[in-house]
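Heads up: the structure comes next, in structure tokens.
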Amino acid sequence: MSEAKEIVLSGMRPTAGRLHLGNYHGALENWVRLQDRYRCFFMIADWHALSTMYLDTSALKDNVRELAIDFLSAGLDPERCTIFVQSRVPEHAELHLILSMLTPLGWLERVPTYKEQLRELEEREVATYGFLGYPVLQAADIIIYKARWVPVGQDQLPHIELTREIVRRFNHLYRPVFPEPEALLTEARVLPGIDGRKMSKSYDNYIALGASEEEVRQRVMAMITDPARIHKDDPGHPEVCTVYAFHRVYSPDRLAEVEADCRAGRIGCVACKKELAARLNAALAPIRERRRLLEQQPEQVAEILEEGSRQARRVAAATLREVREAVGI
Ligand code: TRP
Ligand code: SF4
């Protein structure tokens, strides 16, 4: 390698079970594109999942494997990036501990997601030490690889900002060990759920990345369209239609015709949905095929995570040696 590539790190919590198209277009698709341009680390954040799921951990290991399969079937390539499991790199925990010593409580209490979540997740008992420290652990995840870029969604910006504050404080107190990371925001292609709301596991309005052809067809047929269209030849309004929002992503070459036919009442919603389902199924076929192969080879998935975690650990351990020296411990 001639010129060192800039480092990218991102992660997802293995909480949701299988990823859906919202997660794919919102994040994963972008990660796949970053693989060659940057030195990428992609993490399955199982400790972060524990912060809200510690009461029932029975699904955690399965969720880790499922998320790994989603990563791989979406096109993350272990030859071109490092895919690892957070808890297999215990150095994150040591750095988290050290960072927790120098992070003022006030910084954590004012993270906007913290108070919100505390209210929303009350029944899940997140009023814990670990949950307050969630963004400190996230900071450790990022800076232990000296990452420059963190591809995340808008919702994570306060965590990246806090990471930068922690870095500045560390570098100032001891010595400049860490670069300041920045969020790498890309225009994510936003897909609504099949009911028109945000696509979300909890609304059950999603299409799973690994959905079967039949599941895709059923979910597309259940999509809400323009409510003003009652008869097939009523003029439609594609801008309010969920099916059309999907056509934007999956049928760019047909978009103008779909729009014109809809507005003129020349195409029925059922036909329009059938066309979309066919498009979606064609687009998802390679992902589905990779998932099928990976599901047949659980040892291979385990091996990829093991090797990725080994690679990550080598980098993390080297940073931690610098940290210990800088801190004087
Ligand atoms: N908090 C992130 C989320 O909920 C997941 C995450 C954990 C993460 N550690 C990270 C993201 C480090 C980016 C970098 O989506
Ligand atoms: Fe939506 Fe297509 Fe029906 Fe128009 S024809 S309202 S774009 S499903």
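Computed over heavy atoms, backbone and side chain alike; hydrogens, waters and symmetry mates excluded. When a ligand or atom number is given, it counts from 1 through the structure's own listing order.
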Which ligand 1 atoms does [X] reach within 4.0 Å, using its non-hydrogen atoms?
X: Met43; result: 7 (C), 9 (N), 10 (C)
X: Arg13; result: 4 (O)
X: Val152; result: 13 (C)
X: Val150; result: 13 (C), 14 (C)
X: Ser10; result: 13 (C)
X: Ile142; result: 12 (C), 14 (C)

Before accepting this row, confirm whether a basic side-chain N of the pair [X]/[Y] lies closer than 4.0 Å to the acidic partner's carboxylate O.
X: Asp36; Y: Arg80; result: yes
X: Glu215; Y: Arg288; result: no
X: Glu165; Y: Arg110; result: yes
X: Glu91; Y: Arg321; result: no
X: Glu295; Y: Arg65; result: no
X: Glu94; Y: Arg324; result: yes

Does the ring centre of [Y] sit less than 6.0 Å away from the ring centre of [X]?
X: Phe71; Y: Phe42; value: no
X: Tyr145; Y: His92; value: yes
X: His25; Y: Tyr250; value: yes

Quiz item: Any N or O of Gln156 that comes nearer than 3.5 Å to an N or O of ligand 1?
Solution: yes
Could you identify the single nearest non-hydrogen protein atom to [atom] and state the distance to 0.1 Å?
atom: atom 5 (S) of ligand 2; value: Arg229 NH1, 2.9 Å
atom: atom 8 (C) of ligand 1; value: Gln138 NE2, 3.5 Å
atom: atom 4 (Fe) of ligand 2; value: Cys262 SG, 2.3 Å
atom: atom 1 (Fe) of ligand 2; value: Cys241 SG, 2.3 Å
atom: atom 14 (C) of ligand 1; value: Leu9 CD2, 3.5 Å
atom: atom 7 (C) of ligand 1; value: His48 ND1, 3.2 Å
atom: atom 9 (N) of ligand 1; value: Asp141 OD2, 2.8 Å
atom: atom 1 (N) of ligand 1; value: Tyr134 OH, 2.8 Å
atom: atom 2 (Fe) of ligand 2; value: Cys272 SG, 2.3 Å
atom: atom 5 (C) of ligand 1; value: Gly11 O, 3.7 Å

Quiz item: Checking salt bridge (Lys or Arg N to Asp or Glu O under 4.0 Å) for the pair Asp204/Arg219: CA distance, chi angles, key distance, verdict?
Solution: CA-CA 10 Å; Asp204 193 21; Arg219 292 252 142 167; 3.2 Å; yes
Quiz item: Near Glu325 CD, under 6.0 Å, is it more than 12 heavy atoms from other residues, nucleotides or ligands?
Solution: no
Exercise. Apply side chain to side chain contact (heavy atoms under 4.5 Å, CB included) to the pair Leu21 and Leu209, showing each step before the final yes or no.
Key: CA-CA 5 Å; Leu21 294 181; Leu209 189 57; 4.0 Å; yes
Quiz item: Near atom 1 (Fe) of ligand 2, is there an N/O/S atom from Cys269 that is less than 2.8 Å away?
Solution: no
Would you mind running through ligand 2 and noting each atom that sits below 4.0 Å from a heavy atom of [X]?
X: Val243; value: 8 (S)
X: Thr225; value: 8 (S)
X: Asp226; value: 6 (S)

Exercise. Report the residue from His96, His48, His159 that forms a side chain to side chain donor-acceptor pair (under 3.5 Å) with Gln138.
Key: His159
Practice problem: Using a cut-off of strictly less than 2.8 Å, determine whether His247 has an N/O/S atom near atom 2 (Fe) of ligand 2. | Solution: no
